[in-house]
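Residue numbers begin at 1 in each chain, while the letters A, B, ... track the order of the sequences.
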Amino acid sequence: MEKERHYSGIKRRLMFLIVLISLAPLALIAIVNGYQFKHAYESKVLEHLEQVVKKHKQNIDTFLNENLADLRVIANTYPYEQFKDEAFLSELLRNLQAEHGGMVVDMGLVDDQGVQAAYSGPFKLGKAVYADATWFKEAMGSQNYISDVFMGLRGLPHFIVATKISADGREWLLRCTIDFMGFNRLVENIRIGETGLAFIINRQGAFQTKPGIQLDAHVESLRDLVWGKHSAVPEPNHSHVNNWPGPQYKDFATAMPVRAIVADDPQRPGSTSIYVMTQLKQGQWALIYRQDTHDAFSAWYKTRNAAIIIFIAGGLSIFFTAFLVSAKTVKRLEMADREKEMMNEKVIEAGKLASLGELAAGIAHEINNPVAIMVEESGWIGDLLEEDEFGDTENVAEISRSVAQIKTQGDRCKEITHKLLSFARRTDPRQQEVNMNELIGEVVDLSSQRAKYANVKVHQVLDDNLNLIQASPSELQQVLLNLINNAIDAIDHKQGGEVTISTENGDGVVNIHVADTGQGIPDAVLKRVFDPFFTTKPVGKGTGLGLSICYGIIEKMGGKISVNSSVGVGATFHISLPASRGEKNGGNAEPVS
Amino acid sequence: MSDIKVMLVDDEQSFVEAMAKRLTKRNLEVVQAFSGEEGLEKLKEVFGVDVVVLDVKMPGMDGIQTLQEIRKRYPLVEVIMLTGHATVQSAIDGMKQGAFDYLMKPCDMDDLLGKVREAKAKKENHEHKIAQARAMNIANRRGD
């Protein structure tokens, strides 16, 4: 459980790190580039809009300007009496209409009492009295005048361009009316995108052209934006108007450059609109262009959305990859750890065996001395008993037997201690080239007497081309003798059986198999046969050190020893030892000593 | 009566004593020593020790060191190393240092006696040769 948590912790950290490292630069690039692109793009768009608005401002100003200029030229060219002639007026009107595309609706001459002296146009406005009309009052106060849009007598939105004529000691106003719809068209031409539209307001916040959408709620703030909160630009001053269209007009026009702002949309919370505004008509009107931010910057939004989609997709794939990579890495780690643990266990096992060997050797050596003394003392008793003075009594014979027994048991002790000492690997460990076949022959000869006694036939199936091995012959002898003796012991002496020793070349190793037809080793025992002191022999017959010694010797030589067995069939011990490099023993080679 | 003079050197006192009794009973003259140092001391005091049976593993001066000293001071004295199985290697080392032979503890009395007699024979042979050489030397000198 603890381990699992440990590994999942590593996995999490690894994944987090990979995601962070991969995603952070991506995000940084996206944010920085996006921000810069947004700014560049927005300023580009705004600049473009400003240019458009500026051009239109110039157009509109020029239009108004031209109208007024035409009117002044007309007023200055002809004596005012001629304007009273409605036929002449109609002629003039036709000319103006031809010039200005029909936007000039009518013309009239108004005397200083506000009575229209002459009129030419589609409406029946002859003798109309304008004395109370705002435009009349304002127009009388200045040389040239352009009114705001109003309904007037005709009941249609229009505005008036007027110029003053002084004659006969009286003042007259020559005026013409500009069709609002026509003028509106001038402004409406500014249409960009889906929501871009333009309109004109005056200082009072009244619309001079029809905006396509409802913007009444907006007008106040727009007015503030154009003219300042406290109307920093003074109310229309007629002295300025007087100089129209002199050079001051241009100066004045530049006083309010084109301005672009992005403001919240009061009607649609959360969305913003772009307002591009400039002043018209000496600051009395404002041309305002409005477009939804979303519409104006649609290209930017599209790019941004694409970038976000790419980022999310990239992020997901990074996440997925990080997950896979970390999972795989941690799995590897886990496997490596497990292997290490197994190795550790093996090392500990080997260490245990070694320390056990040391202990055994120590104990054996300590016991050896007392045993030696006991054997000597019994030998001394035996010596004494041989003296004649004791005679041949029954007791003497009994004591002699007892002493002999002590000697026999002492010898057994000696055998055990010496085996224990072998276990600590104190045999002659010098290595030399060994011909396994020769060695097997010697060992089989050694045990042949025993085999005969036990009714066992020993077969040798030896590979004539067996590779030489580098090993200590005395140790190998010990191992083989042990295995063969065990094999003989495993066979029921009455029934008899066979022991087969075979050799063969393996892949860089020499394999030796010792097989018997004995009783076999039970599964429960099979795992423990190489444990020190483990024995299945009856008490007093085995020390349980044989196979563990063999194991130690073979391991030390860099080889392997294993066993497989099934009960009733017999057991086979397999030894594989590394072969000497490149050297082969000929079929009839002399033994190597 | 006692034709061979043997010195037993072992830190196991009881072993030495038992062994001494048995060897004495077999008509050997036995000198006992319980450490390497004592062994060297006794060799100095007692004249004519033929064979030393020397235990390899002893506290203080061990068998190999004692052997080296004996070989240095009394080159004619033969030494038989006595060893537990674990110290066979050291016994072999001893052989290389000039010990006559080695025996494993607990040792069989007959083996020991056999080896002691062989050693004595070797020593006598050596002494004989030396005597001859001396005689020759003397004869040669006279001839001058």
Side-chain angles (χ1 to χ4, degrees), chain A residues 354 357-390 403-404 406-431 472 474-475 478 543 545 549, chain B residues 2 6 8-28 30 32 34-35 53-60 62-64 80-96 102-116:
Chain A
E358 292 290 317
L359 182 75
I363 290 169
H365 202 254
E366 287 310 309
I367 285 172
N368 210 30
N369 275 323
V371 168
I373 293 164
M374 272 141 62
V375 169
E376 287 312 320
E377 292 289 355
S378 71
W380 176 232
I381 293 169
D383 290 349
L384 292 178
L385 283 177
E386 275 165 26
E387 283 174 15
D388 295 337
E389 59 191 83
F390 290 102
V403 165
I406 289 170
K407 189 181 183 303
T408 310
Q409 298 310 318
D411 284 345
R412 261 181 69 190
C413 286
K414 175 185 168 181
E415 202 176 312
I416 291 167
T417 54
H418 284 197
K419 269 187 185 165
L420 273 170
L421 291 166
S422 296
F423 179 56
R425 299 170 197 159
R426 303 286 175 106
T427 46
D428 182 7
R430 276 171 299 180
Q431 299 212 335
S472 151
S474 62
E475 286 181 338
Q478 196 178 344
T543 54
L545 283 168
I549 292 167
Chain B
S2 66
V6 178
L8 296 175
V9 186
D10 196 328
D11 57 313
E12 293 284 338
Q13 203 165 329
S14 312
F15 180 76
V16 172
E17 281 163 3
M19 200 70 131
K21 282 183 208 161
R22 297 189 71 189
L23 289 173
T24 310
K25 191 171 162 53
R26 286 166 176 75
N27 287 330
L28 272 69
V30 179
Q32 298 178 28
F34 305 117
S35 71
V53 178
L54 183 60
D55 188 26
V56 172
K57 213 179 156 200
M58 284 187 295
D62 73 13
I64 299 294
I80 294 169
M81 306 299 288
L82 199 57
T83 170
H85 182 85
T87 47
V88 167
Q89 191 58 43
S90 56
I92 292 165
D93 289 344
M95 297 287 286
K96 283 180 187 156
Y102 69 92
L103 276 167
M104 297 228 274
K105 255 183 168 169
C107 56
D108 195 72
M109 183 46 65
D110 295 338
D111 285 352
L112 178 62
L113 273 176
K115 293 236 158 103
V116 166

- [ ] Report yes if some heavy atom in the side chain of A:I373 is under 4.5 Å from a heavy atom in the side chain of B:E17; otherwise report no.
- [x] no
Task: Note, B:R26 side chain near A:D383 side chain (heavy atom, < 4.5 Å) - done: yes
Task: Non-hydrogen atoms of B:P106 and A:A372 that approach each other most closely - done: CB-CA, 3.4 Å
TODO: Specify the closest pair of heavy atoms between A:E377 and B:A18, including all atoms of both residues, with the distance to one decimal.
DONE: OE2-CB, 3.5 Å
Open item on the list: With rounding to the nearest 0.5 angstrom, report the CD to CD distance, A:E376 to B:E12.
Closed with: 12.0 Å
TODO: With rounding to the nearest 0.5 Å, note down the distance linking NZ in A:K414 to NZ in B:K105.
DONE: 12.0 Å
TODO: Heavy-atom pairs under 4.5 Å with chain B are the metric here; pick the option from A:N369, A:V371, A:D411, A:L384 that has the most.
DONE: A:N369
- [ ] Sort B:D55 into side chain, backbone, both or neither according to what part of it lies under 4.5 angstrom from a heavy atom of chain A.
- [x] neither
